[in-house]
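Below is one structure, written out as structure tokens, with a few remarks after it.
Heads up: numbering here begins at 1 and tracks the sequence. Just so it is clear, the values below take in all heavy atoms, side chains as well, and ignore hydrogens, waters and symmetry mates.
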Amino acid sequence: MTEEEEARWYVVHTYSGYENAVAATIEKAAENRKMLDQIHEIRIPTETVTEVHDSQSKTVERKVFPGYVLIKMIMNDTSWHLVRNVRGVTGFVGSANRAIPLTDDEILSLGIERHEIIVAFEEGSTVKVIDGPLEGFLGTVEEIEQDKSRVRVIVSMFGRETPVDLDFDQIEAV
């Protein structure tokens, strides 16, 4: 197993408002101790929100999980101590002194890592529905949503063209 395969995402609990300071301190400590091969990436999930006050709109970046920092790291005693002893860190999310890594599904749902799916069709292609209630129908791809792994297909039913949203694994190129 390579080091990249061993690196997993962990959630670190911090004092609220200290997320940026904790992330910067961990990054600096890993650099100083030459542990960048163990601490791969540090993220603070944020979202852009438009707030409207007195008919004026302002776009702000807000933390999705205040008080939490996500770290992709190789978990061992040295890396655990480095992170755990940073000022502002209250602990890893897990049970007792055991940090529990995020699952692949959790990583995808949080949008931490994106896995690009390469499809064998494009807009305008003819495809066959291979799963679901419309199995066996042919249609034309109208729109592809890579980020959601979905596709809109125009299927001819009862003499009418009907748009249908399907997952990538529900269709195949003809």
If you draw a 6.0 Å radius around CZ in Phe121, do more than 12 non-hydrogen atoms from other residues or ligands fall strictly inside?
yes

Does NZ belonging to Lys63 count more than 12 external heavy atoms closer than 6.0 Å?
yes

Using 0.5 Å steps for rounding, measure from the CG atom of Leu134 to the CG atom of Leu166.
7.0 Å

For the aromatic rings, using the six-membered ring if either is Trp, is the centroid distance between Phe92 and His13 under 6.0 Å?
no

Counting only heavy atoms not in Asn76, do more than 12 sit closer than 6.0 Å to its CG atom?
yes

Measuring only between side-chain heavy atoms, which start at C-beta, is Val12 closer than 4.5 Å to Val83?
yes

Is there a side-chain contact between Leu102 and Val11 in this structure, where contact means two heavy atoms from C-beta onward sitting under 4.5 Å apart?
yes

If you draw a 6.0 Å radius around CD in Glu145, do more than 12 non-hydrogen atoms from other residues or ligands fall strictly inside?
yes

Do other residues, nucleotides or ligands put more than 12 heavy atoms under 6.0 Å from Gln170 CD?
yes

Would you check if there is a donor-acceptor pair between the side chains of Thr103 and Glu106 at a distance under 3.5 Å?
yes

Atom CG of Asp77 with >12 non-hydrogen neighbours under 6.0 angstrom
no

Side chains of Ile39 and Ser79: does their closest heavy-atom pair fall under 4.5 Å?
yes

To the nearest 0.5 Å, how far apart are CD in Glu27 and CG in Leu36?
7.5 Å

